[in-house]
Amino acid sequence: MSSEQDHLKETDTEARFEFKKEEKSAFKSEKGLTEETIRVISEDKDEPEWMLQRRLRALKQFQQMPMPTDWPGQPDLSEVDIDEIVPYIRPDIETRGGADKWEDLPDEIRDTFDKLGIPEAERNALSGVGAQYESEIVYQNMQEQWEEKGVIFMDMDKAVREHPDIVREYFMTKCIPPSDNKFAALHGAIWSGGSFVYVPEGVTVEMPIQAYFRMNSEGMGQFEHTLIIAEENSEVHYIEGCSAPKYSAFNLHSGGVEVFVKEGAHVQYSTVQNWSKNTYNLNTKRAICEKDATMEWVSGSMGSKATMLYPCTILKGPGATDNHITIAFAGKGQNIDTGAKVYHNAPNTKSTIESKSISKDGGRTNYRGLVHIADGAENSSTSVECDALMFDNESTSDTMPYMEIEESKVDVAHEATVGKIGDEDVFYLQSRGLDDDDAKQMIVAGFIEPITEELPIEYAVELNRLIELEMEGSLG
């Protein structure tokens with residue numbers, strides 16, 4: 001690694017995320033969303049007819065569904081005009097589906113991910129890594145030791161061609177149907193790129209797999225799809241990072257994540273998202289857990305103008321477990337609406353939700369959650385804990401939990417706290433030699449520790465750095 005990259009990694013987090021490159025593309029669709037646009041995207045990807053037909057059905061559903069406007073306190077989405085979004089940009093690289101060697105990428109793309117620390121993370125702590133630039137994966141690699149055990153990690157476009165039977169069975173059929181919501185339908189129509197992860201029965205992938213998604217062009221949309229299938233008694237940790245530089249025009253991110261956790265399997269999905277403050281982040285993420293399976297969501301969301309993000313788990317089999325841990329940070333002009341949904345559809349299931357939110361300079365955070373315990377899901381338990389920390393009187397934080405309990409033999413707990421950074425706490429730390437900013441940063445670091453301790457050390461450090469920059473008002 002060069003001395004410049006060392007400097008960026010160690011001292012200049014802002015420079016690592018806020019830089020932007022001149023747009024260079026091999027193919028760029030027109031703005032807006034029409035049937036012709038869908039056909040052009042599908043043809044450029046050389047997709048099979050069945051995928052094109054799924055896209056066209058999703059487009060019809062999108063056109064028939066209204067924009068979500070009736071949720072109390074939801075972010076304002078009036079600026080989201082799909083007709084002004086470029087839905088598909090194929091980067092200018094020679095190898096479709098991603099280069100096998102990092103050195104084969106164009107200089108400007110390689111430099112982008114070098115600055116984000118991707119190559120070093122791959123060398124030090126990852127089983128495999130994928131990197132998406134604009135609408136397509138530009139690099140994908142998996143260590144041979146996992147490939148020899150049957151683990152598959154490739155971009156979704158390649159999976160459609162090489163594993164059509166698996167993709168056709170699972171892709172937006174059982175977990176996230178396009179009819180789920182308007183942005184799921186939008187995603188189903190113009191999805192591009194993303195990750196396909198398949199872990200065979202009994203295989204434990206001991207080091208995390210990482211994917212990183214970067215939007216570089218102004219006024220574009222990014223719609224990657226992640227499909228994770230963990231067979232019986234397998235285990236995998238998938239990490240996702242996202243970022244975009246600041247532009248004058250708004251960008252839209254509307255990804256989809258589908259996770260299938262088979263009997264006795266364990267999946268952890270971690271994400272640190274650092275969008276620019278002109279990005280609308282509207283994702284749909286869902287997991288289905290079978291008997292004695294465990295699903296863990298660890299999410300950090302910041303930077304966007306508006307976020308609506310509610311990872312959902314359906315506990316389908318007896319003894320299935322779900323854990324959600326989220327952190328949201330909102331500064332001036334930001335509305336970060338996050339939460340979780342859990343459906344207990346079998347007995348002896350368990351879920352925990354822990355939400356941490358921070359707001360400053362008039363920013364708004366909100367926890368919006370749903371826990372449903374079905375009739376017959378006896379001896380199930382759920383615990384929801386929501387903690388909010390505010391820097392000033394202009395900032396706001398709300399908690400909107402919704403519980404649907406149809407079974408009497410269950411254990412349900414909910415706790416919520418809202419408070420400001422206390423003057424006494426700051427004074428105590430100042431008496432120990434810290435200045436005002438360092439004292440507040442230490443308080444925030446302690447506040448979010450339950451989230452950072454669930455992340456690999458590189459991501460925990462990065463999340464703390466990003467929050468420090470947000471506290472200083474440096475990003476976006």
Review point. Could you walk me through whether His253 and Asn251 pass the side-chain hydrogen bond (donor to acceptor under 3.5 Å, both in side chains) check?
Key: CA-CA 7 Å; His253 178 253; Asn251 284 22; over 6 Å; no

Point to revise | Full working for side-chain hydrogen bond (donor to acceptor under 3.5 Å, both in side chains) between His237 and Ser270 | key: CA-CA 8 Å; His237 183 185; Ser270 303; 2.8 Å; yes

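A salt bridge links Glu79 with Lys305: at least one charged nitrogen is closer than 4.0 Å to a carboxylate oxygen. Between Glu232 and Lys262, none of the side-chain N atoms (NZ, or NE/NH1/NH2) sits under 4.0 Å from a carboxylate O, so this pair counts as no salt bridge.
In this structure, Lys182 is positioned above the aromatic face of Phe62, its NZ or CZ under 6.0 Å from the six-membered ring centre and within 45° of the axis.
Taking the six-membered ring where tryptophan is involved, the planes of His372 and Tyr343 are tilted, since the angle between them lies from 30° to 60°.
Smallest separation of non-hydrogen atoms from Pro75 and Ala306: CB-CB, 3.7 Å. When all heavy atoms are compared, the tightest approach of Thr271 to Lys285 is CG2-NZ, 3.8 Å.
A donor-acceptor pair under 3.5 Å is absent between the side-chain atoms of Arg364 and the main chain of Thr396, judged by distance alone. Side-chain atoms of Gln268 do not come within 3.5 Å of backbone N or O of Trp297 as any donor-acceptor pair. Under the 3.5 Å distance criterion, the side-chain polar atoms of Thr226 are left unmatched by any main-chain donor or acceptor of Val257.
Paired with Thr382 under the rule side-chain contact (heavy atoms from CB on, under 4.5 Å), one option of Val342, Ile373, Asp322 passes, and it is Ile373.
Side-chain N/O atoms of Tyr170 and Glu258 include no donor and acceptor closer than 3.5 Å. Residues His344 and Ser351 have side chains that bring a donor and an acceptor to within less than 3.5 angstrom of each other.
The number of heavy-atom neighbours closer than 6.0 Å to NZ of Lys174, taken from other residues, nucleotides and ligands shown, is above 12.
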